[in-house]
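Only one structure is covered here, and it is reproduced in the block below.
In what follows, chains are A, B, ... by sequence order, proteins preceding strands, each numbered from 1. Keep in mind that what you see is a predicted model, and the values were worked out from it rather than measured.
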Amino acid sequence: MKKATRSNQGSALMFALIAMLVLTMVGIEVARLVTTKYMNTFHAASWQESLLAAESGADLGIVELRKNLATPSSGFQSPWTSGTGSSGWNEYDLTTMNYAAGEGGTQMTIQVAVDAPPGLVDGNGWQYYRIRATGTNSIPGPARVGDEKRDLDLRKLSLQTDRLTGQPLARPQVSRRIEVIARPMSPFTAAVVARGNISFTDAGIVVDSYDSRDPNKSTNGQWDVSKRQQHGDVATDGTLISAGGAQIYGSVSTNNGTATGVANVTGEIRNDFYQDLISVNPPTWTTGIAQNPNQITDTTTITSSTTKGGARYKLSSIKIDGNKVLTIAGDPSGATSYVDIWVTGDFTVNGNGMVYLDKNVIATFYVAGNTSVSGNGIINGNGDTDDRPGHVVFYEIKPPAGTSQSIQLAGNANIEAAVYAPDATVTINGGGSSGTFSGSVVGNTVTMTGITNVHYDEALGNSGTIMDYKIASWFEDTR
Amino acid sequence: MRPKLFRRERGSDATLECRATPMRPNHFRSECGMTLVEMLVACGVLLVIGMGLVMGLAALQRNFQATCDYATNHGDEMRISDYLARDLRRATSVSVSGTGSATTVTMTLPNYYDSTGSPRVPVVNSDGTVAYQDASVTPPVNSTSVTYYLSNGTMYRSQNAVAKALAVNVQSFQLTLVDSATDPNAGSDFNLSSSLLGKVAEVKTQISFSPHFSNSGSTQNGIKSTTFYNTTLLRNARTDTKVTLY
């Protein structure tokens, strides 16, 4: 019965083979489905991480813009390149490659292009910048699509060729593009800002705001208590604000710190503030500097120019006391005129001394020494309706290492000015009967004592020297 | 020592009964047949084993199908969530109307693309904000809207009156948008400190699906829906372009 025996053994073999075949097919199908889902996960992860790369690229662009603020022409150096972009305007480009330990691909490429479209300028003449960044991330595994076409519509993978350039690819990747518009920022965005502590020691201190541009928020461009605004903000990069019960018509912000004595703060108490306060370097003027005077100690008149940078003075010091007056004469036509004054020493106004500006004169002081305005000293605050804080701007030059710098505003001093002194100790002492500071003050530390009024002019938010860039618009280009 | 095996063998006596004999080589086995009882028992055993196998395979297949459905649903949820997050990031505003399957999400996006689909060059508004505007019409159009809605089990994203299906077979869809700026429970929902409540424009989306198991044995109570969470920071809504601290 060999035949029968062979037949039985053959059936068993066939059954075994068929069973193995079926199980193998089932296994292959399961593996195919699981692998597809696995690939979908990688596609999604790489797609997500390519956005991180693109946003990092935008940050790199903003960092270079900010470098130029701290030190002119220091931004966009190698490996950045410069050339004419696809829009026809000059642009800076950077391509950088990193290796990331993400859940998607490990090879990440960032491409950044920064340009300044001519029309992207605000009414202040400030140039906005357009930053376009592309983040590309490799996709692990084979160049294989997923099982869902709708995912491809969303993620737009580049498997064989780069969908943005048309170039063939050695390995699959995915790219995402964003466009960010960086807006220049004024240093004067709040009433009082400091790197370190801010201390108000009297409940009689009042900090509020007005808008000299808006008749509903000011009277003849001047602060009016009946039109008081609530943007007298106080903020510090430090961790402590002692508000001392002062009446603050605005918000109080620290850098993850503590604000005390805030019972009379009308706005918010926040702890998420940080603003890099860039130190001021001495002017780099080499020409066009008036030789006379080289020091001011008596009543003096200096002229301005209708051209920015057309009237420059470099003085060893300014000291105006008694009844002396420093007059900065404007253009006879009444047109806006400018004057830049670099004081390598101290700037002092006391007694009944006064700095008087003709109509439509905009004066910028760069002071290397200390600044003091006391007694009945007046700077741009004699009651003229055309006085504006934005017409007098003080930039306190960073002192040499190891030396200190101070700004003291005291007594019945009336000042309409913006003061940017991130390296100086600022003291505003009240005690007089009519002392008022209208404008904005930025210091290393700021201390206010006695009965002091600080009225922040919201118009200053669009004036001064550009001190930062912030994102004004964000858009992902999904083409 | 080889064990003595016995098998039934048709005998040569008149009763024709099989008797147990020591096992012989296989080629002599066919001499003995099987009784009806033996056949019935064997068939019964095979039937039981076969039914078990069939039921097991059926259960395996159902399980496999359910797992595939789950993965598909998860992919659908993730796709919808990613679409929503992508649009939320670039939105200037977002609103929600309706509840459950009647939920409609509407977002306002910058009018970035021109009629040819190319990006516009932005302009600066008088208040310092930035706009991508279509200046060919009066007044210029600065924005476009995107709408998400569910219709007949299909999730759509509609922009410029063109609807695109994002997922089909969507059952018991539930989308919840929670805005951290208005959410009374933002502290717990967004893990925000009290000083940030009402100030950060984050939006959390919760997308819930019911897996579409096709097994008739499943009950609705037995089908637990899955929920996909996503928290997105609205880049444009958060950006403060005016004269304030932030």
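The most heavy-atom pairs under 4.5 Å with chain B, out of V30(A), I181(A), D151(A), come from D151(A). Across K37(A), E179(A), R130(A), E148(A), the residue that shares the most heavy-atom pairs under 4.5 angstrom with chain B is E179(A).
Here R155(A) pairs with D82(B) in a salt bridge; the nearest charged N to carboxylate O distance falls below 4.0 Å.
E476(A) and R90(B) get closest at one heavy-atom pair: O-NH1, 2.7 Å. Minimum interatomic distance between G128(B) and Y128(A) (heavy atoms only, all atoms of both residues): O-OH, 3.0 Å. Closest non-hydrogen pair, V130(B) versus A472(A), comes out as CG2-CB, 3.8 Å. Listed here is the closest heavy atom pair of P119(B) and D477(A): CG-OD2, 4.0 Å.
Annotation: side-chain contact (heavy atoms from CB on, under 4.5 Å) contacts of V45(B) (sequence neighbours excluded): V41(B), I49(B).
When the shell of 6.0 Å around CZ of F64(B) is examined, it contains more than 12 heavy atoms from other residues, nucleotides or ligands.
Proximity of W89(A) to V121(B): side-chain heavy atoms (C-beta onward) are separated by under 4.5 Å at one or more points. Contact check for R89(B) versus L51(A): side-chain heavy atoms found under the 4.5 Å cut-off. By the 4.5 Å heavy-atom criterion applied to side chains, V124(B) and R183(A) are not counted as neighbours.
Expressed to the nearest 0.5 Å, how far CE of M78(B) lies from OG1 of T41(A) amounts to 6.0 Å.
At a 4.5 Å heavy-atom cutoff, A459(A) makes no contact with chain B through either its backbone or its side chain.
Applying the salt bridge (charged side-chain N to carboxylate O under 4.0 Å, His left out) test to pairs two or more places apart or on separate chains, those with a residue in residues 149-160 of chain B are D87(B)-R157(B).
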For this session: Mind running side chain to side chain contact (heavy atoms under 4.5 Å, CB included) on E55(A) and R235(B) for me, showing each step along the way?
Result: CA-CA 11 Å; E55(A) 295 205 284; R235(B) 270 64 166 170; 2.6 Å; yes
Exercise. What's the verdict on side chain to side chain contact (heavy atoms under 4.5 Å, CB included) for L154(A) and R86(B), showing C-alpha distance, side-chain angles and the deciding distance?
Worked result: CA-CA 10 Å; L154(A) 171 64; R86(B) 192 188 69 174; 3.9 Å; yes
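Classified by interplanar angle (parallel below 30°, tilted 30° to 60°, perpendicular above 60°), the ring pair Y112(B)/F475(A) is parallel.
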